[in-house]
Amino acid sequence: MKRFNYNGILTAILLLTSIHLFAQEPQITNIGNRTSLTLNGVWKYVVDPYQTGYYDYRRDVRDQMPNPSTSESLFLGYKAQDPSDRVEYDFDKSDNILVPRDWNSQKEKLFYYEGSVWYYKNFDYPAPAANTRQFIYFGAANYEADVYLNGKKLGKHIGGFTPFNFEVTGKLKPAGNFVIVKVDNTRGLEKVPTINTDWWNYGGLTRDVKIVEVAGTFIQDYYIQLGKNNPNEIDVSVVLNGPEKAGQHITIEIPEAKIKADCLTDGEGNAKTTIAVKNLKLWSPENPYLYEVKLIYNNNVLTDKIGFRTLLTKGTDILVNGKPVFLRGICIHEENGIRGGRAYSMEDARMLLGWAKELGCNFVRLAHYPHNENMARVADELGIMVWSEVPVYWTIQWKNPDTYNNAHNQLTDMITRDKNRASVIIWSMANETPVSADRTDFLKRMIASERQLDPVRLVSAALERHTKEGSANTQVIADPLQDYVDIIAFNEYIGWYDGLPEKCKTAQFEINFDKPVMISEFGGDALQGNHGSKDARWTEEFQENLFKETLQMLDKIPQLRGITPWILADFRSPRRLLPDIQDGWNRKGLISETGDKKKAFFVLQDFYKTKKTEYDKK
């Protein structure tokens, strides 16, 4: 999301002008298969906790001033011209930092830092060919990013986990370019997520940064997927961007399937068509088949690897290609504990999803925010279905229109980026949000928007369970959102936050919906290598026993069609304070931060072997 919350005394005209200049630019998709120059690597950085480079001493925004001070306006990248110049920063003499990476895991002094950091990178760009355009692309920046090229502001982006881009056509020089980004990961009550979470607030340019080059009029975005529960039709929509976008022919080719079809853009550059198909090899966890798809416009070819599968719910079943599936899942945070810090690379994705495959998973819940694009693409290859989520987490400002627009834009950006990934089967709206009229209205609006953006995939949210009033141990989900989701998913921690594992033996679940049910979280903490009695918290044996009791309890739910225990691997969280056990780590992982498996890993692995055999017979 891009919005502007300028402090200080600014005129209404100036504010309106700034909003117009730095409005949201449409997301360009499939960046990895376009011509680009990487800006990854070594950058310079300056830590600015008081945001001196952004605000003056009257709290006026420097980049909105007609003549900002060269002495302190860091976005200018100004260098002293003579000994009398007062310039109170110097990127050339500043420390190095790697991009993509977070700053917390790279610099010990920034481990707990929350605030503004200025990033600086100089680069050359050879004169581009005629009739081409250039964009600067960011895979993500947590949380707010103000972007400047050669001292001029390109725009602002808000939201720490989705991609964004700005056009830089005509603004690049053959030599001596520099990009400056102010990244601010300060938490706020009005933000999404809000102040209170249970994961590390990694700041920085956490994903790829590139200069992307395209034709003057180019394919910006597209959707190529099977129609809703229809294996014989592919729905196609394409968006052209450029001065010649109206009345243009675009060709779609899937050579292996002998498919070739044309579509024509309307006056807005949008084209839609339907392609009749027969006997496609359908994508599934057992056979994750991907076709090479070509989109051709004006002799420019954009390629992608796309899988095709049908998806729907029928009663309490989830059907993939018409066959019932049990979602043998696990939750994952976007973190590489072995290296430390945010996960971002293809190698990180293969490690995390490889562990999930070893566990016996055919499904992962990517919590609690959109993960990097590599995760969905590797999941496509490995045959792992995906739940993707926006960080509407715990308690946010349900009545604040800016907060809603922020959440809605993050949802839109997530769907826009990953809508062609066969692995993604569920869009999740929220996690553990307290029931209220304002909250339910907020989430209903989000769900309605999702169904317009993507009518095929399933909708869910991680709800909460409660013990039924007047009962000994009857569990209910008293949440009106159940009426609006396709899958009823809820988190439960009986045996950890609610009693001991023995309580699982008497628990009963009262769920009066003819819908699939999924347990989106359960589990308990264990320090890897800490052994003892199954009654001693924090031991592997306690966690192992908790998993045994919980799995027996959950398997009695008639509508149960999937589980995603919390969580694949231990991850950092400032909420976890117990010395010698937690030390700033959430220890509910089945794998430690060193990559060692805990005993509960093998309990779940055995359960999944049984479930796979059961569903293979259906």
Side-chain angles (χ1 to χ4, degrees), residues 45 47-50 97 100-117 140-144 158-161 183-206 331-344 348 352 365-372 389-397 430-434 462 491 493 496-497 521 523-528 530 537-538 543 566-594:
Y45 77 99
V47 181
D48 188 10
Y50 282 12
I97 196 165
R101 287 284 296 275
D102 58 273
W103 63 60
N104 314 75
S105 62
Q106 290 190 69
K107 306 292 177 180
E108 186 176 359
K109 63 184 178 182
L110 299 180
F111 186 59
Y112 287 101
Y113 180 69
E114 293 180 309
S116 289
V117 172
N142 191 34
Y143 173 79
E144 297 183 10
I158 295 178
F161 305 99
V183 184
D184 186 351
N185 71 333
T186 304
R187 290 169 293 136
L189 287 169
E190 79 288 358
K191 296 180 179 180
V192 181
T194 186
I195 284 178
N196 200 19
T197 72
D198 190 11
W199 67 82
W200 208 266
N201 185 24
Y202 290 110
L205 298 176
T206 54
C331 292
I332 300 178
H333 258 304
E334 190 187 47
E335 183 167 314
N336 181 334
I338 294 176
R339 184 194 62 234
R342 272 270 170 259
Y344 60 85
D348 290 337
L352 293 169
R365 178 186 176 212
L366 302 183
H368 286 292
Y369 39 77
H371 287 214
N372 66 84
E389 187 165 293
V390 289
V392 178
Y393 182 88
W394 289 356
T395 304
I396 66 172
Q397 293 188 344
N431 177 78
E432 293 181 346
T433 51
N491 301 347
Y493 283 94
W496 184 254
Y497 294 122
E521 290 182 27
D525 290 61
L527 177 66
Q528 187 273 325
N530 183 30
R537 285 190 190 265
W538 316 111
Q543 187 189 49
W566 190 261
I567 187 170
L568 180 66
D570 292 350
F571 63 95
R572 288 198 178 275
S573 172
R575 296 176 60 88
R576 307 300 171 167
L577 307 175
L578 183 62
D580 299 327
I581 297 291
Q582 293 173 317
D583 294 318
W585 291 86
N586 186 310
R587 295 295 186 188
K588 293 183 181 67
L590 300 182
I591 300 174
S592 73
E593 75 274 20
T594 58

Test item: Glu432 side-chain N/O and Trp394 main-chain N/O as donor-acceptor pair under 3.5 Å: no
Given Asp184, Asn201, Asp102, the one that forms side-chain hydrogen bond (donor to acceptor under 3.5 Å, both in side chains) with Asn142: Asn201
Give, for atom CG of Asn196 and atom CZ of Arg187, the distance between the pair rounded to the nearest 0.5 Å. 8.0 Å
Quick one, Tyr45 with Lys107, criterion side chain to side chain contact (heavy atoms under 4.5 Å, CB included). Give me CA distance, side-chain angles, the key distance, then yes/no. CA-CA 11 Å; Tyr45 77 99; Lys107 306 292 177 180; 3.6 Å; yes
Does Gly524 offer a backbone N or O that forms a donor-acceptor pair with the side chain of Gln543 under 3.5 Å? yes
Nearest 0.5 Å please: distance from the OG1 atom of Thr186 over to the CD atom of Glu114. 7.0 Å
Between Ser105 and Gly340 the two heavy atoms that sit nearest each other are OG-O, 3.6 Å
Donor-acceptor pair between Ser573 and Asp198 side chains, under 3.5 angstrom: yes
Check whether the ring centres of Trp103 and Trp200 lie less than 6.0 Å apart, and answer yes or no. no
Is there a side-chain contact between Leu352 and Leu568 in this structure, where contact means two heavy atoms from C-beta onward sitting under 4.5 Å apart? yes
For Leu205 and Ala141, work out which heavy atoms get closest and say how close. CD2-CB, 3.7 Å
Are more than 12 heavy atoms, taken from residues, nucleotides or ligands other than Phe111, located less than 6.0 Å from that residue's CZ atom? yes
Distance, nearest 0.5 Å, that separates CG of Asn104 from OH of Tyr202: 7.0 Å
Whether the side chain of Asp570 engages the backbone of Ser592 through a donor-acceptor N/O pair (distance < 3.5 Å, no angle test) should be reported. no
Closest approach of Arg576 to Trp585 (non-hydrogen atoms, all atoms of both residues): CB-O, 3.3 Å
So that I know where these two stand, are His333 and His368 an aromatic pair - ring centroids less than 6.0 Å apart? yes
Between Pro193 and Phe161 the two heavy atoms that sit nearest each other are CD-CE1, 4.5 Å
Value for OG1 (Thr197) from CZ (Arg575), rounded to nearest 0.5 Å, stands at 8.0 Å
Under 3.5 Å side-chain donor-acceptor pair for Glu389 and Asn431: no
Shortest non-hydrogen contact between Ala430 and Thr433, atoms and distance: CB-CG2, 3.9 Å
Within 45° of the six-membered ring axis of Trp566 and under 6.0 Å from that ring's centre, is NZ or CZ of Arg365 located there? no
Is it true that a side-chain atom of Tyr393 and a backbone atom of Tyr369 form a donor plus acceptor pair closer than 3.5 Å? no
Taking the side chain from Asn185 and the backbone from Gly115, do they hold a donor-acceptor pair closer than 3.5 Å? yes
Nearest heavy atoms of Thr594 and Ile338, plus distance in Å: C-CG1, 4.0 Å
Main chain of Trp496, side chain of Arg537: is a donor-acceptor contact present, judged purely on distance under 3.5 Å? yes
Rounded to the nearest 0.5 Å, how far apart are CG of Asp525 and CG of Asn530? 11.5 Å
Residues Leu189, Gln397; criterion side chain to side chain contact (heavy atoms under 4.5 Å, CB included); working and verdict: CA-CA 7 Å; Leu189 287 169; Gln397 293 188 344; 3.6 Å; yes
Kindly compute the distance separating CZ (Arg587) from CD1 (Ile581), expressed to the nearest 0.5 Å. 8.0 Å
Would you indicate whether Tyr50, at its atom OH, is surrounded by more than 12 heavy atoms from other residues, nucleotides or ligands within a distance under 6.0 Å? no
Thinking salt bridges, do Glu593 and Arg572 make one under a 4.0 Å N-O criterion? no
